[in-house]
Amino acid sequence: MAPFTLAHLSDPHLPPLPKPRLIELAGKRALGYVNWTRNRHKYQRREVLDALVADAKAQAPDHIAVTGDLVNLALEAEFAPARAWLDDVGPPDRVTTIPGNHDAYVRATFDRFGETFAPYLASDDGSVGFPALRRRGPLALISLSTAVPTLPLMATGTLGRDQLAALEQVLERLATEDVFRVLLVHHPLKSDARHKRMTDAADLLALLKRHGVELVLHGHDHIHSTMWFEGPNGNIPVIGVPSASALAHGHYPAAAYNLFTIEKDNAGWRCEQTVRGLGSGFQIREIKHARLV
């Protein structure tokens, strides 16, 4: 059987930002808009995102995972362009997405992400909710949502008891199957930044320690990240990726995506990671190659 390839990108923060109506610039959005106009528009660039996606598609992956923050302030006018962009990335059977904190920026549009991207969120049985389960080749893609509206200056995420309990049931069912389990979540499983953390990460880590998965993919921090956490049969690789539309700025690297090659290896699995990212002249190049499992 040929190896299965999974591309992973995150945090496109689709530029440019539509001009908001004055009534929309209240509370948290007002601060976010100031940040966009003063800073973020300088380094969240559509030409970067387009170059990265074109390169990812040229690698002909079997599936693409986008781990959240497709929009910026969750303005009504942001969702239709974001859906058009995702449709161009690929059809729902070849692309899976989950929401990030910017996709649930305020309560007023909290439901828009699920309404707009339902075909890209749905489980194989057609249900839309989290956790979602999609089977692609040897993979079981398990999608979570940490996207909740938060106070100004906060970017935390939360799974909640119900989602964690449902996830445990999913992992218990998959335990009897010979599948490569990939967990998709926006927030990292560990963060030193209190205002950006997953508030119930400890509960998720305890669950993974009991039941395990083969790979966890996330975004949110806009950096290259590889962490390892204890599972029942060894350590689990947890991989983060920079923003898919970013120019390098400050301590944040330029846009990049991950490409994972997954295949059976005797009684277990083999998973290799290739990192491809933005170089000079908007050219995408290989940055790193490593074996994870």
Side-chain angles (χ1 to χ4, degrees), residues 8-15 17 27-44 65-74 98-107 110 113 130 143-161 163-164 183-209 215-230 235-258 275 277:
H8 168 224
L9 59 93
S10 195
D11 298 73
H13 289 285
L14 195 70
L17 182 72
K28 185 170 184 173
R29 275 200 187 130
L31 294 174
Y33 184 66
V34 169
N35 187 28
W36 176 268
T37 56
R38 289 184 177 179
N39 300 301
R40 293 176 70 96
H41 80 280
K42 299 175 185 177
Y43 52 81
Q44 304 287 174
V66 184
T67 51
D69 279 1
L70 276 67
V71 302
N72 295 284
L73 306 183
I98 60 171
N101 55 295
H102 280 262
D103 303 312
Y105 207 67
V106 294
R107 295 187 184 280
F110 177 71
F113 192 90
F130 297 99
S143 300
L144 300 179
S145 174
T146 54
V148 292
T150 59
L151 294 172
L153 304 179
M154 297 297 289
T156 54
T158 301
L159 292 167
R161 292 182 182 178
Q163 192 174 176
L164 285 164
L183 192 69
L184 306 177
V185 61
H186 179 68
H187 286 76
L189 275 59
K190 181 181 180 181
S191 177
D192 295 328
R194 183 171 179 81
H195 68 289
K196 295 181 64 175
R197 75 195 193 285
M198 186 196 309
T199 61
D200 47 5
D203 296 321
L204 176 58
L205 287 171
L207 192 156
L208 293 178
K209 184 176 180 179
L215 180 64
V216 179
L217 304 179
H218 70 86
H220 190 56
D221 283 344
H222 296 195
I223 59 173
H224 297 282
S225 174
T226 300
M227 295 184 283
W228 298 84
F229 293 97
E230 186 178 358
N235 288 335
I236 301 167
V238 177
I239 309 296
V241 69
S243 165
S245 62
L247 295 172
H249 59 286
H251 70 277
Y252 295 104
Y257 72 94
N258 293 313
V275 184

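The first residue of the sequence shown is numbered 1, and numbering continues consecutively from there.
- Of all the heavy atoms in Y252 and I223, the pair that sits closest is CD2-CG2, 4.0 Å.
- Qualifying ring-ring contact (aromatic ring centres under 6.0 Å, His included) partners for F110, counting only residues two or more places apart in sequence or in other chains: none.
- Contacts of Y33 classified as ring-ring contact (aromatic ring centres under 6.0 Å, His included), with partners at least two apart in sequence or in another chain: none.
- R197 pairs by the side chain to side chain donor-acceptor pair (under 3.5 Å) definition with nothing, not counting sequence neighbours.
- With sequence neighbours excluded, the residues that form a side chain to side chain contact (heavy atoms under 4.5 Å, CB included) with L164 are L159, D200, D203, L204, L207.
- The distance from the CG atom of L144 to the CG atom of L184 is 8.0 Å, given to the nearest 0.5 Å.
- Counting only heavy atoms from C-beta outward, the side chains of H13 and V71 never approach each other to under 4.5 Å.
- Nearest heavy atom pair, residue V34 against residue T37, reads O-OG1, 3.1 Å.
- Using a distance-only test at 3.5 Å, with no hydrogens or angles considered, a donor-acceptor pair links the side chain of H249 to the main chain of L247.
- Looking at residues two or more places apart in sequence or on another chain, you find a side chain to side chain contact (heavy atoms under 4.5 Å, CB included) between A155 and N101, K196, H220.
- One finds the CG atom of L14 at 12.0 Å from the CG atom of D69 (value rounded to the nearest 0.5 Å).
- Applying the side chain to side chain donor-acceptor pair (under 3.5 Å) rule to T158 yields the partners T199; only residues at least two apart in sequence or on another chain are considered.
- Note: K28 NZ to Y105 OH = 5.0 Å, rounded to the nearest 0.5 Å.
- Between D103 and H186 the shortest side-chain heavy-atom distance does not fall below 4.5 Å.
- The ring-ring contact (aromatic ring centres under 6.0 Å, His included) test applied to F130 returns no partner, not counting sequence neighbours.
- Residue H8 forms a side-chain contact (heavy atoms from CB on, under 4.5 Å) with just one option from T67, V275, L215, and that option is T67.
- Between S10 atom OG and I98 atom CD1 the span is 7.0 Å, to the nearest 0.5 Å.
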*Should H195 and T150 be marked as a side-chain contact (heavy atoms from CB on, under 4.5 Å) after you check the CA-CA gap, both sets of side-chain angles, and the distance that decides it?*
CA-CA 10 Å; H195 68 289; T150 59; over 6 Å; no
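- In this structure, the side chains of W36 and N72 come closer than 4.5 Å at one or more pairs of heavy atoms.
- No donor-acceptor distance shorter than 3.5 angstrom exists from the side chain of N35 to the backbone of R40, with no hydrogens or angles considered.
- In this structure, CD1 on I236 lies 9.0 Å from CG on L183, to the nearest 0.5 angstrom.
- Note: T156 OG1 to H187 NE2 = 6.0 Å, rounded to the nearest 0.5 Å.
- Considering all non-hydrogen atoms of both residues, P188 and H218 come closest at CB-CE1, 3.5 Å.
- Partners of K190 under the side chain to side chain contact (heavy atoms under 4.5 Å, CB included) rule, at least two apart in sequence or in another chain, are M227, F229.
- Residues satisfying the side chain to side chain donor-acceptor pair (under 3.5 Å) criterion with S143, sequence neighbours excluded, are absent altogether.
- Under the ring-ring contact (aromatic ring centres under 6.0 Å, His included) criterion, Y257 pairs with no residue at all, not counting sequence neighbours.
- The shortest heavy-atom contact between A74 and R29 is O-NH2, 2.6 Å.
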Please output the side-chain donor-acceptor pairs of residues 238-246 that fall under 3.5 Å, not counting sequence neighbours, one pair per line with the distance.
from : atom 1 : to   : atom 2 : distance (Å)
S243 : OG     : D11  : O      : 2.7
S243 : OG     : Q44  : NE2    : 3.2
S243 : OG     : S245 : N      : 3.4
S245 : OG     : P12  : O      : 2.7
S245 : OG     : Q44  : NE2    : 2.5

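- For K42, the salt bridge (charged side-chain N to carboxylate O under 4.0 Å, His left out) criterion is met by no residue, not counting sequence neighbours.
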